[in-house]
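Here the structure is laid out as structure tokens; the discussion comes afterwards.
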Amino acid sequence: MQTMTSLRLPSRAPALPCEKSHSSPPSVAFVEQHVSRSLARTSVALLAGFVSHRVRKLGRTGRTGQTNAKASPVVRRVLEPGKSPVSQIRNFSIIAHIDHGKSTLADRLLEMTGTVAKEDMKAQLLDNMDIERERGITIKLNSARMNVKEDGHDYVLNLIDTPGHVDFTYEVSRSLAACEGALLVVDATQGVQAQTIANVTLAMEADLEIVPVLNKVDLPSADPERVCQEIEDVVGIDCSNALFCSAKTGQGVPEIIKRIIEQVPAPSVDETQERMRLLVYDSFYDNYRGVIAMFRVVDGSISKGQKIRFKASGKEFIVEEIGIMVGGLRKPVSRLSVGEVGYVCANIKTVGDARVGDTIIEAGTENEVEALPGYTEATPMVFCGLFPAESGDFENMKTAFERLSLNDAALFYEPENSVALGLGFRCGFLGVLHMEVIKDRLEREYDLDVVVTAPSVEYQVQMSDGTETTIQFANMLPPPHKVAEIREPYCLLEMIVPEEHMGPCMELATQRRGVYRTTNFLTQGRALLEYEVPMAEIIRDFFAELKSRSRGYASMDYRILDYRSNDLVKLEVDINQTTANPLAQIVHRSRALQFAKKITGILQNEIPSQQIKVIIQARIGTHIISSKLIKAVRKDVLAKCYGGDITRKKKLLAKQAAGKKKMQAIGKVNVPSEAILAVIKKT
Ligand SMILES: Nc1nc2c(ncn2[C@@H]2O[C@H](COP(=O)(O)OP(=O)(O)OP(=O)(O)O)[C@@H](O)[C@H]2O)c(=O)[nH]1
């Protein structure tokens, strides 16, 4: 059985049996094989292309639980924490598009600073695979403290991990807030991609010193000069001092280390602030230690045994252990002071008590010490129903959600009873990837077969009486006469597509109600297209469609802009006048007919013929916009009636007609759940 340690922030990664961020090729192969196996079991593959890819990628980068168990001799040199002069500390993160080499570069940095030796990295990987297998523990290597000697001085370099996906924008921005600089890694064979832009925007907002690094220069197709020009043109960062490297061979990596020391500013210290203030930039659940919160000391210092308070949650704890991450292992220390990063264990039971972005202060100082700026609770953006395929699995699913939420403060769930799908849960997620990761974990770690209803976003509803409400599911929408206005979330969508496929990709954005903003032409015959698109349109299979229209070459990213009023309607489906609740959707009026025809068509194909005729109607309010009929199959009630007694025949036929009428009147149609699922899958 999997232990809970692997249930680290499900928002980021499905924990894998041998997951590890600094993977040598065999482990990558293993992990991909493992995840694809688990994904193959996925019963409803919503947004399959985009999500499966990201699940696989996130699975590999592996932001999961950590442990000190079975420490291997990987630690080479560690300066004394709590005593490093602030001027010799550098806090930085690595930002990159998927596959541009973030993990490989992190590996090389650990190796070349002597934090982890080459041979030890492999040994450690194998060790951890054993641990993982035995206890379901996974190791995170990406947050690491490195010690470097440069020009006769000792420096501490703290690499702070950031989740790489837009679903976790808030968490990315919080971890960037713990840094002064970022290495912007761009693949010199690929150039700028959608997530390069998204991540750089966040780093700029956090006012970080950005060091451009052109990676993969060992490849013959690398063209770092041209990509530098592209970064300057598109991202607006000066690349005259950009570094060229190969994270694979190590070429250029020593220069990166030197540059971090030169260019990334040391943490600034507010001399007037002596009271402790720590920024929580990550927190996760460990089976043995409870919640572990990663923090940056912004003011003052923290020591073991101190009583601390989380400012937002108001919860207080005694510090059991503080420490630093070295080569993926926790190393306890007695004190950490201003500018340093570390972790704290304090017998915290759920991540809801130690949320990312919260400020840790000393207990008793809450009236004098202000929270650090920027804290908000991560709010769900995508909603759907999750139902166990086996009705007897409801309790197991409930237990699974309880456990998963220990480690995921952003996961929202509440029980729901659906006529068509039985007992299940209404859930809220940060984004589609988050949703897919949770579904995958329910299936893989809890052995549940899960049915997922079509995803929805949150709508703001202005009522005619002046009040306002928010709804996440179509069946929560009040009747039309009570509604004055419905607003939906809009995103800024950035797509990078090959020029020759621009037409179909732009057509897709327009079909999905996108409003065109700009086009920028990039290197290698690619274009950066910007649209403002309703989020509801992006979460419905957009990426898979974009990939297919660009022959797999497009990349995309989005970020929430605002809420806008639109002509949105509730599309409902009746089967013999009984409303099929799970099929209700909120759609734009201009798209309602298209959806209606599709849904009624699918149901017509999927519902088997019955003794009564079945009428399938899609409607907006009382206005029917699409209707399909499934003819009744005739049961020959006269089959046993030999001979010619005409009155008896008439009686039997009359009885049959009366029976049919009754069945239809109460809408007794046998709708197989496969038919409902087919609609959910295909619309
Ligand atoms: N030839 C070459 N390959 C590299 C280099 N850096 C990384 N790679 C390869 O590129 C692929 C992606 O590298 P990763 O380090 O996993 O990339 P990442 O940015 O962490 O990717 P995600 O895990 O998707 O976020 C791997 O197959 C690496 O071996 C390099 O400098 N040269």
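Since this is a predicted model, take the numbers as computed values, not measurements. Remember, it's 1-based here, ligands and their atoms both numbered in the order they're listed. Along the sequence shown, the residues carry numbers beginning at 1.
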Exercise. Do any nitrogen or oxygen atoms of Ala96 lie less than 3.5 angstrom from nitrogen or oxygen atoms of ligand 1?
Worked result: no
Exercise. Got a donor-acceptor contact below 3.5 angstrom from the Arg90 side chain to the Val264 backbone?
Worked result: yes
Exercise. Mind checking whether Gln251 has a heavy atom under 4.0 Å from ligand 1?
Worked result: no
For this session: Could you list which atoms of ligand 1 come closer than 4.0 Å to a heavy atom of Ser103?
Result: 15 (O), 18 (P), 20 (O)
Problem set entry | His97 side-chain N/O to Gln193 backbone N/O, donor-acceptor pair under 3.5 Å | no
Exercise. Is there a donor-acceptor contact under 3.5 Å from the side chain of Asp408 to the main chain of Leu404?
Worked result: no
Exercise. Is the closest N or O pair between Leu105 and ligand 1 shorter than 3.5 Å?
Worked result: no
Problem set entry | Heavy-atom pair of closest approach, residues Pro254 and Met112 | CD-SD, 3.9 Å
For this session: May I ask you to list the atoms of ligand 1 that are less than 4.0 angstrom from any heavy atom of Ser246?
Result: 30 (C), 31 (O), 32 (N)
For this session: Provide the number and element of each atom of ligand 1 under 4.0 Å from a heavy atom of His97.
Result: 19 (O)
For this session: Show which atoms of ligand 1 fall inside a sub-4.0 Å distance from at least one heavy-atom site of Asp218.
Result: 1 (N), 2 (C), 30 (C), 31 (O), 32 (N)
Exercise. Which atoms of ligand 1 have any heavy atom of Leu219 under 4.0 Å away?
Worked result: 1 (N)
Exercise. Sequence neighbours excluded, which residues qualify as side chain to side chain contact (heavy atoms under 4.5 Å, CB included) partners of Tyr553?
Worked result: Pro498, Arg551
Exercise. Of the backbone atoms (N, CA, C, O) and the side-chain heavy atoms from C-beta on, which set of His100 has a member under 4.0 Å from an atom of ligand 1: side chain, backbone, both, or neither?
Worked result: backbone
Exercise. Of Asp223, Asp187, Asp99, which is the lone residue that meets salt bridge (charged side-chain N to carboxylate O under 4.0 Å, His left out) with Lys216?
Worked result: Asp187
For this session: Not counting sequence neighbours, which residues clear side chain to side chain contact (heavy atoms under 4.5 Å, CB included) with Val227? List them please.
Result: Val186, Leu214, Ile231
